[in-house]
Every structure is written in C-alpha cells, then in structure tokens.
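Presented below is the structure to which this report refers.
The model shown is predicted, which means the values in this text are computed figures rather than measured ones. In what follows, every chain begins at residue 1, and chains take the letters A, B, ... in the order their sequences are listed.
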There are 2 protein chains.
Amino acid sequence: MTRPRWLDSEEKAAWNAFLEASHRVERRVEHHLREQEGLSHPQYEILVRLADEPEWQLRMTELAESLLTSKSGASYQIGKLEKAGLVYRSSCPGDDRGVFAVLTEEGMAKLRRVAPGHVELVRSSLIDLLSREQLAALTDGLDTVARGLED
Amino acid sequence: MTRPRWLDSEEKAAWNAFLEASHRVERRVEHHLREQEGLSHPQYEILVRLADEPEWQLRMTELAESLLTSKSGASYQIGKLEKAGLVYRSSCPGDDRGVFAVLTEEGMAKLRRVAPGHVELVRSSLIDLLSREQLAALTDGLDTVARGLED
DNA sequence: ACCGGGTTGTTCAAATTCGAACAACCGCTA
DNA sequence: TAGCGGTTGTTCGAATTTGAACAACCCGGT
C-alpha cells in the first residue's frame with residue numbers, strides 16, 4: 001500500500017467547489033421545477049430528450065442511458081409521466097422486448113409551457129453568473145471530465 | 001410575458017456539460033464508497049465535516065447546512081452512523097434544544113481507513129483528468145457559481 | 001416573571017432511487 | 001430448429017430524501 005497522494009489546497013478547493021456548485025444548482029433547479037411547474041428535474045429532462053428526437057420517442061434503455069440513471073428509475077418516471085398523459089408507451093416494431101416512450105402532444109405542450117421559466121432559472125443558476133470567458137473555461141473543464149468518465 | 005432569452009449553443013453546451021459531469025462524478029463517487037467502503041457519500045461527508053472540527057462535533061443544524069441537505073436528512077444519516085458506532089449524539093450545554101453530533105474514535109479510524117481510497121477516486125474522477133490550468137479555471141467558475149447561490 | 005415570535009431537532013408519510021431478480025425475447029451457431 | 005449467451009423492460013424490497021407537522025426550548029420586550 002503506497003502512501004496516498006493527498007490533495008493539495010488547490011485540488012481540495014476544486015473538489016469542494018465542484019461538490020458545492022453541483023449540489024446548489026441541482027437543489028435550486030429541482031425546487032423550482034417542483035414548485036412552479038409540478039415536474040421533477042428527471043421528468044423535465046425526459047420531456048426534453050423525447051422532444052429532441054425526430055419522432056418524439058426513445059427506447060427505454062436509450063432514455064435511461066441518456067439520463068444517466070438506472071433502467072428501473074427510467075421505468076418509474078415514465079410510469080408517472082404516462083399517468084399524467086405527457087407520455088405513452090408503445091411497443092417496438094421488430095423487437096418484442098423493446099418499448100418506446102413517446103411524447104404526447106400534451107407532453108410537448110407542457111414542455112413548451114415550462115421551458116421559459118426553466119431557462120430563466122438555468123440562467124440565474126449558472127449562465128448569468130459567469131462571464132463569457134469563465135463560461136467557456138468551465139465548459140471546457142466539465143466536458144473533459146464528462147468525456148473522461150464515459151462508460 | 002417577455003420572450004424567453006433562450007440559450008445559445010455555447011450556453012447550452014455549458015449547461016449540458018454541467019449536468020453530465022456532476023451526475024457522472026456523483027454516481028462514481030457514490031458507487032465507489034458504497035461498494036468499497038460501506039459508506040454512502042453523505043455519510044462520508046459527515047465524517048469529514050466532523051473530523052474538521054476542533055472537538056469533532058457539530059450541531060445538527062450546522063451539519064445539515066454544511067451538507068446542503070435538509071435537517072431531517074441529516075438526522076436520518078446521523079442515526080445510521082450512530083448505530084454503526086461512528087458517531088454519537090450529545091446534548092448541548094446551554095441550549096436544551098441543541099444536539100451535537102460527535103465523531104467517535106472508531107468513526108475517526110474509519111475515516112482514516114477510507115480516505116486514501118476516496119482521494120484516489122476523487123483524483124481519477126476529476127483532478128487527474130484536468131491540467132493545472134483547467135483545474136484552476138474550473139475552480140474559479142464553480143466557486144463563482146457556488147458563491148452566487150449562497151442562501 | 002410572562003408572552004410571542006423564532007429556533008432546534010425529530011418523526012411522519014410520500015416520493016424517488018437503486019440493484020437484483022425475473023420473464024420474455026433476440027440472434028447466432030451447431 | 002434447438003440451444004445459448006446476451007439484451008430488454010418491469011417489479012420488488014430496501015434505502016434515502018424531502019417538507020410538513022410537531023413538541024420543546026430560547027430570548028427580548030413588557
């Protein structure tokens with residue numbers, strides 16, 4: 001067992017800033033969507049993912065991977081959205097195991113209604129807090145991290 | 001209702017990178033601590049917070065605020081750690097409402113045992129993925145965000 | 001000394017998350 | 001075409017989180 005390579009003060013600062021910023025932002029977004037729009041953040045993200053697809057649909061597994069969540073978690077949330085009429089499940093032609101989650105018109109309408117407030121919140125929680133240069137540098141770092149942790 | 005100030009592509013990239021990086025890192029850390037050390041991330045953070053205090057103790061409310069979690073969440077996790085013998089509750093002299101969460105020797109020993117592996121994971125999840133310059137820029141941005149969202 | 005507003009920590013129900021287990025299915029190979 | 005490893009989505013129980021409700025307590029002004 002080699003001696004641990006402890007974090008120096010800059011590295012500690014980086015880690016703490018990362019944890020604090022991500023928790024604060026997540027907390028804020030979750031709270032806003034919940035209170036103002038009656039959606040959880042995962043649910044909102046599902047609507048966004050589906051709306052981005054040409055046919056407003058995604059396989060359950062693809063959806064779960066896109067959300068970085070478990071399959072059971074995706075299944076649960078799709079169930080909720082289905083009850084709310086924002087999404088429905090559709091069988092997958094050519095693969096009887098498969099299930100598509102499909103955005104309904106009502107789901108798309110909901111998303112359009114909610115998006116402006118959400119974008120405003122994203123601005124006030126991240127974008128508008130930083131200069132253009134800070135934002136670019138932040139994106140660079142975060143992207144490098146995200147790419148480094150893929151799979 | 002004014003027209004929403006939609007995000008341009010750089011802003012969208014920033015937001016997506018933020019969400020993806022924070023989810024991937026959190027997921028990785030949580031998984032590692034759970035599997036390798038038998039602690040949840042919140043629990044580990046509690047041990048760290050307490051160990052940082054001169055007397056290894058914090059009031060429940062302070063602890064909750066430090067963790068950016070709810071009071072009930074802190075209470076729950078302290079209950080778990082108490083059962084595990086890593087922490088105990090102590091009444092607060094001068095304030096009968098107050099409760100201190102106090103780190104035990106065993107808790108400190110556990111933290112010392114777990115810390116090296118955790119630090120290695122923090123390195124491989126964030127620190128070592130970035131150059132010194134990237135890390136500094138990332139810290140700057142994330143700190144600005146965290147400060148901007150305080151309270 | 002007493003009140004009234006604020007604070008502290010716990011408990012509760014409800015919601016959410018996860019992984020394991022499972023049944024059903026796919027596609028390739030013998 | 002029978003079989004077999006791998007995939008798909010759901011269900012289950014366990015763990016966790018949250019806000020609301022609550023009881024107990026603190027304190028400054030009267």
Rounded to the nearest 0.5 Å, how far apart are NZ of K110(A) and CD of E37(A)?
6.5 Å
Distance in Å, I78(B) CD1 paired with L63(B) CG, rounded so as to fall on 0.5 Å steps
5.0 Å
Residues R147(B), D143(B): salt bridge by 4.0 Å N-O rule:
yes
Need the bend value for the helix from dA1(C)-dT30(D) to dA30(C)-dT1(D): angle between end axes, 5 pairs each end, nearest 10°.
10°
Distance from E105(A) atom CD to W56(A) atom CH2, nearest 0.5 Å?
4.0 Å
In Å and rounded to the nearest 0.5 Å, what is the OG to NE2 distance from S124(A) to H32(A)?
8.0 Å
Bounds of contact between DNA chain C and chain B, in 5' to 3' order, using a heavy-atom cut-off under 4.0 Å
dG6(C) to dG19(C)
Is the shortest distance from a Lys or Arg side-chain nitrogen in R49(B) or E62(B) to a carboxylate oxygen in the other one below 4.0 Å?
no
Option among R34(A), R27(A), R28(A) that satisfies the salt bridge (Lys or Arg N to Asp or Glu O under 4.0 Å) test with E30(A)
R34(A)
Do any pairs count as a ring pair (Phe, Tyr, Trp, His ring centres under 6.0 Å) and have a residue in residues 61-96 of chain A, sequence neighbours left out, and if so which ones?
none
Got a sec? Which of residues 30-68 of chain A come in under 4.0 Å of DNA chain C, heavy atoms?
R34(A), P42(A)
Could you tell me the separation between the CG atom of D96(B) and the P atom of dC27(D), rounded to a whole number of Å?
10 Å
With a 4.0 Å cut-off, would you call E65(B) and K71(B) a salt bridge?
no
Members of residues 72-93 of chain B that approach DNA chain C, where some heavy atom sits under 4.0 Å away:
S72(B), S75(B), R89(B)
Quick check: is V87(B) connected to F100(B) through a chain of hydrophobic side chains (ILVMFWY, heavy atoms under 4.5 Å apart)?
no
H41(A)-E45(A) side chain donor-acceptor pair, cut-off 3.5 Å
yes
Between residues 17-25 of chain B and DNA chain D, which residues have a heavy-atom gap below 4.0 Å?
none
Crowding at CD, E150(A) (>12 non-hydrogen neighbours, <6.0 Å):
yes
Contact check, side chains of L138(A) and L126(A), non-hydrogen atoms, under 4.5 Å
yes
Going by an N to O cut-off under 4.0 Å, is there a salt bridge joining E20(B) and R24(B)?
yes
d(L135(A) CG, I127(A) CD1) to nearest 0.5 Å is 5.0 Å
Along DNA chain D (nearest heavy atom to each residue), the more 5'-positioned of R97(B) and F100(A)
F100(A)
